[in-house]
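So you know, we letter chains A, B, ... as the sequences are listed, proteins then strands, and number each from 1.
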Amino acid sequence: MTETVTRTRFAPSPTGMFHVGSARSALFNWALARQSADGRFVLRVEDTDAARNKPEWTEGIISALEWLGIHKEDPHFEGPYFQSDYAGKHRETAERLAEEGRAYYCDCTREMVRQRRDNPHLGYDGFCRDRGLEPGPGRALRFRVPDDGSTVVADQIRGRVEFDNATIEDFVVARADGSPLFALANVVDDVEMGITHVIRGEEHLSNTPKQQLLWRALGQDPPVWAHLPVIVNEKRQKLSKRRDKVALETYQDEGFLPEAMVNYLMLLGWAPGDDREIMPWSQMERLFRVSDVNSSSAFFDEQKLRAFNGEYIRALSVDEFVERCRPWLTPERAPWPEKNFDEEVFAAIAPLAQTRVAVLSEIVGNVDFLFLDEPVEDERSWAKAMKPEVAPAMLTAALERFADPDLAWEATSLKSALEEVGQAQGLKLGKAQAPVRVAVTGRTVGLPLFESLELLGREPVRERLRAALTKLAETDSGAGTDS
RNA sequence: GCCCCCAUCGUCUAGUGGCCUAGGACGCCGCCCUUUCAAGGCGGUAACGCCGGUUCGAAUCCGGUUGGGGGUACCA
């Protein structure tokens, strides 16, 4: 066994969703493993708890990792291994610990433990330590923690962390039914798999002295530990599944690009040391140092993530952008009738939308008016732009002007045409375009208007102007006005 | 309660005793550009929690304090 090769591990338990915090841990482990030629990133699915073990959840883990750029086929990737496959080894180790006197059987119930505690600050009091109980029903196996001294964890991020052994209780390593607990299984697996670096969330820091004691009891030198700061919400609490938006898949669905997500996540707690933020994976991978990771908790700032994402979207070529938008333009996701969608029209409008979307899903709201049978209904926009003093006149004039066959149906001439129409009404283009925009797109804000008109086509545009005029006439006559 | 971790702009961070009248990014606020909205350009707002030390000198070292957070299972 040579110990020179870096072997990191990522050990999620399958829960049906992939936490952004896990994503960051995976990324850090991946970067470190890839820094050395023979480095390995070991994926181990911690499926000890039979209740939460479904094959499709493991699939979910693998595809989430893939989305992040951690591919099974990469030579640095090893696994997946399943903790359940090592159950025999876990039991064997538990028995060995018992035989060697490093662990002992205990028949105390939870109730008994609690009642007997003379000091409520401490946990189990070691009541069964020297009772010499044989294994049997109702008897759990506890690890014998030294009474004196302390256990020092050398953490790459936090430095030296010392735990007084007196504050560590004799913890259970195997249940009464013989099944191993996380504390044991995790260590046995890490030992078995030759893990050299354990990089995981800070919530595991308090388990670490126990695990380190176990490593030593098994005759091994502990690995390099690194406990990442927790990722918190706006209230500075650890991001939780039920309260916060933590599932990687959610972000994926909204149209965050994996490269933006990866970049953002890498920078959560780590910085390359200069003023760079947006950078390719290859660079982050090269620059990453575990010891450079910050030790204080980090707020998951979706606003900044969005900014990163916008940055990455704008950096795409138009063709790439069109490709990437595709999943959001499908019948399942898009609101327009499938037959209305026109590939070429979309490709033509795409560059105008590219600077306006922060996440890919926003593409829909930008281009929908081109493919919907009618403009969207947005009351606020209507109320804002369709003032009775200007809108009817403006729309009527535009309708007429657009009917002129000598008017080239093309953005620049449409612009000057509308400019003229506006001037005749005493309106600058900013004011003049508003009613037309709302009549055609339904909204007061949107893509550049004249390109939009050009792509929609003369007749559809005129049709929408007429419809708007009709609607204006109706509301004007009194019925249902709300102003 | 007990154990452990943490502490620089609102947020993510740079900073490792003098280069700091504290830098960058996101956000926010102006201005420019402009057919709306973005994008882009320019400028601005804003921080070393507090108290003691150490030192010629402290955001940087030490102690305390306060405030956050994590862990306290026969869960992972």
Colleague: When you get a sec, tell me which of A76(B), C5(B), G24(B) is the closest nucleotide to the side chain of R175(A)?
Modeller: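 Of all the options, the side chain of R175(A) is nearest to A76(B).
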Colleague: Under 4.0 Å, counting only non-hydrogen atoms across every strand here, what does A140(A) touch: a base, just sugar-phosphate, or nothing?
Modeller: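 Contact class for A140(A): base.
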Colleague: So which nucleotide from G71(B), C75(B), U36(B) ends up closest to the side chain of P448(A)?
Modeller: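 Of all the options, the side chain of P448(A) is nearest to U36(B).
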Colleague: Which is true for N294(A) with a 4.0 Å heavy-atom rule: it touches a base, it touches only sugar-phosphate, or it touches nothing?
Modeller: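 Sugar-phosphate contact only.
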Colleague: In whole angstrom, give me the gap between the P atoms of C9(B) and A14(B).
Modeller: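 My reading of the P atoms in C9(B) and A14(B) gives 13 Å.
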Colleague: What integer distance in Å separates F450(A):CZ from C37(B):P?
Modeller: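 Distance check: F450(A) CZ to C37(B) P gives 14 Å.
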Colleague: Under the salt bridge (Lys or Arg N to Asp or Glu O under 4.0 Å) definition, can you give me all pairs with a residue in residues 80-90 of chain A, not counting sequence neighbours?
Modeller: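 Pairs touching residues 80-90 of chain A that pass the test: K89(A)-E92(A), K89(A)-E192(A).
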Colleague: Distance between the P atoms of C62(B) and A7(B), in whole angstroms?
Modeller: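 So the two P atoms sit 12 Å from each other.
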Colleague: Check this one for me: any side-chain N or O of R236(A) less than 4.0 Å away from OP1 or OP2 of C12(B)?
Modeller: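 Looking at the OP1 and OP2 atoms of C12(B), one of them is under 4.0 Å from a side-chain N or O of R236(A).
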Colleague: For the P atoms, the ones on A76(B) and on A39(B), what distance do you get once it is rounded to whole angstrom?
Modeller: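 Looking at atom P only, A76(B) and A39(B) are 48 Å apart.
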Colleague: Just checking E374(A): does its CD atom have more than 12 heavy atoms from other residues, nucleotides or ligands closer to it than 6.0 angstrom?
Modeller: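 Not buried by this count: 12 neighbours or fewer within 6.0 Å.
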Colleague: Is there a Watson-Crick or G-U wobble partner for A38(B) with both distances under 3.5 Å, and which nucleotide is it?
Modeller: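 Paired with no nucleotide.
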Colleague: Between W270(A) and F28(A), does the ring centroid distance fall short of 6.0 Å?
Modeller: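 So the answer is no for these two rings.
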Colleague: Check whether any side-chain N or O of K415(A) sits under 4.0 Å from OP1 or OP2 of U35(B), and answer yes or no.
Modeller: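 Yes, such a contact exists.
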Colleague: Taking the six-membered ring of Y124(A), is NZ or CZ of R142(A) closer than 6.0 Å to its centre and within 45° of its axis?
Modeller: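 Judged by the rule, R142(A) and Y124(A) form a cation-pi pair.
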Colleague: If we take the P atom in both U55(B) and U60(B), what is their distance in whole Å?
Modeller: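 Per the computed distance, 16 Å lies between those P atoms.
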Colleague: Hey, does G273(A) reach any base, or is it just sugar-phosphate, or nothing, if we go heavy atoms under 4.0 Å?
Modeller: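 Touches sugar-phosphate only.
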Colleague: Using the P atom on both, measure G52(B) against U66(B) and round to a whole Å.
Modeller: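 Going atom to atom, P in each nucleotide, I get 16 Å.
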Colleague: With heavy atoms under 4.0 Å as the rule, sort F163(A) into base, sugar-phosphate or nothing.
Modeller: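 Sugar-phosphate contact only.
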Colleague: Could you list all N or O pairs between the protein and nucleotides 18-22 of chain B that sit under 3.5 Å apart?
Modeller:
none

Colleague: What do you reckon, are the aromatic ring centroids of Y251(A) and F300(A) less than 6.0 Å apart?
Modeller: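 Ring centres of F300(A) and Y251(A) closer than 6.0 Å.
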Colleague: Tell me what L267(A) touches on the nucleic acid: a base, only sugar-phosphate, or nothing, going by heavy atoms under 4.0 Å.
Modeller: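 Here L267(A) touches the backbone only, sparing every base.
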Colleague: Please work out if F299(A) contacts a base, only the sugar-phosphate, or nothing of the nucleic acid, heavy-atom cut-off 4.0 Å.
Modeller: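 Since only primed, P, OP1 and OP2 atoms lie under 4.0 Å of F299(A), the category is sugar-phosphate.
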Colleague: Just name whichever nucleotide pairs with C26(B), Watson-Crick or G-U, keeping both distances under 3.5 Å, else none.
Modeller: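 Across any shown strand, C26(B) pairs with G10(B).
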Colleague: Classify E162(A) by what it touches in the nucleic acid, base, sugar-phosphate, or nothing, heavy-atom distance under 4.0 Å.
Modeller: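 Sugar-phosphate only.
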Colleague: Assign A176(A) to base, sugar-phosphate, or nothing according to its heavy-atom contacts below 4.0 angstrom with the strands shown.
Modeller: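 Base: the residue A176(A), judged by heavy atoms under 4.0 Å, touches a nucleobase.
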Colleague: Tell me the partner of U72(B), counting only Watson-Crick (N1-N3 plus N6-O4 or O6-N4) or G-U wobble (N1-O2 and O6-N3) with both under 3.5 Å; none if nothing fits.
Modeller: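 WC or wobble partner is G1(B).
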Colleague: Is the closest basic N to carboxylate O distance between R160(A) and E162(A) below 4.0 Å?
Modeller: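 Yes, R160(A) and E162(A) are salt-bridged.
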Colleague: Using the six-membered base ring of A76(B), report whether H204(A) stacks on it, requiring centroids under 5.5 Å and planes under 30° apart.
Modeller: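 Ring-base stacking flag set for H204(A) and A76(B).
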Colleague: Would you call R129(A)-D170(A) a salt bridge at under 4.0 Å N-O?
Modeller: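 Yes, R129(A) and D170(A) are salt-bridged.
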Colleague: Just to be sure I understand the rule, does G310(A) reach a base, reach only the sugar-phosphate, or reach nothing, if contact means heavy atoms closer than 4.0 Å?
Modeller: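 Contact class for G310(A): none.
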Colleague: If you measure from the P atom in A38(B) to the same atom in C31(B), how many Å do you get, rounded?
Modeller: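 14 Å, rounded to whole Å.
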Colleague: So what does L447(A) hit on the nucleic acid, given a heavy-atom distance under 4.0 Å: a base, only sugar-phosphate, or nothing?
Modeller: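 The residue L447(A) makes base contact.
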Colleague: Tell me which donor-acceptor pairs under 3.5 Å the side chains of residues 180-191 of chain A have, and how far apart each pair is, sequence neighbours excluded?
Modeller:
from, atom 1, to, atom 2, distance (Å)
N186(A), OD1, R9(A), NH2, 3.2
N186(A), ND2, E46(A), OE1, 3.3
N186(A), ND2, E46(A), OE2, 3.3
D189(A), OD1, H90(A), NE2, 2.8
D189(A), OD2, Q83(A), NE2, 2.7
D190(A), OD1, R9(A), NE, 3.2
D190(A), OD1, R44(A), NH1, 2.9
D190(A), OD1, R44(A), NH2, 3.0
D190(A), OD2, R9(A), NE, 3.4
D190(A), OD2, R9(A), NH2, 2.8

Colleague: Between R462(A) and E400(A), does any side-chain N to carboxylate O distance fall below 4.0 Å?
Modeller: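 Salt bridge between R462(A) and E400(A), a charged N being under 4.0 Å from a carboxylate O: no.
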Colleague: Looking at K238(A), does any N or O in its side chain come under 4.0 Å of the phosphate oxygens OP1/OP2 on G71(B)?
Modeller: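 The answer is yes; a side-chain N or O of K238(A) sits under 4.0 Å from OP1 or OP2.
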Colleague: Determine the contact category for E203(A): base if any of its heavy atoms lies under 4.0 Å from a base atom, sugar-phosphate if only primed atoms, P, OP1 or OP2 are that close, otherwise nothing.
Modeller: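 Counting heavy atoms under 4.0 Å across all strands, the contact made by E203(A) is with sugar-phosphate only.
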Colleague: Does the plane of the ring in F346(A) sit parallel, tilted or perpendicular to the ring in F371(A)? Use 30° and 60° as the thresholds.
Modeller: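 F346(A) and F371(A): tilted rings.
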Colleague: Name the nucleic acid region contacted by E362(A), choosing base, sugar-phosphate or nothing; use a 4.0 angstrom heavy-atom cut-off, strictly under.
Modeller: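 Result for E362(A) = nothing.
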Colleague: With both distances kept under 3.5 Å, what pairs with C61(B), Watson-Crick or G-U wobble?
Modeller: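 The answer is G53(B), by the H-bond criterion.
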Colleague: Report which part of the nucleic acid R314(A) touches: base, sugar-phosphate, or nothing (heavy-atom distance under 4.0 Å, all strands).
Modeller: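 Sugar-phosphate only.
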Colleague: Within the structure shown, what part of the strands sits under 4.0 Å from R158(A) by heavy-atom distance: base, sugar-phosphate, or nothing?
Modeller: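 Here R158(A) touches the backbone only, sparing every base.
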Colleague: Looking only at atom P, what distance separates G24(B) and G41(B), rounded to whole Å?
Modeller: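 Approximately 15 Å lies between the P atom of G24(B) and that of G41(B).
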Colleague: Can you tell me how far C1' in C6(B) sits from the matching atom in G43(B), rounded to whole Å?
Modeller: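 Those two atoms are separated by 36 Å.
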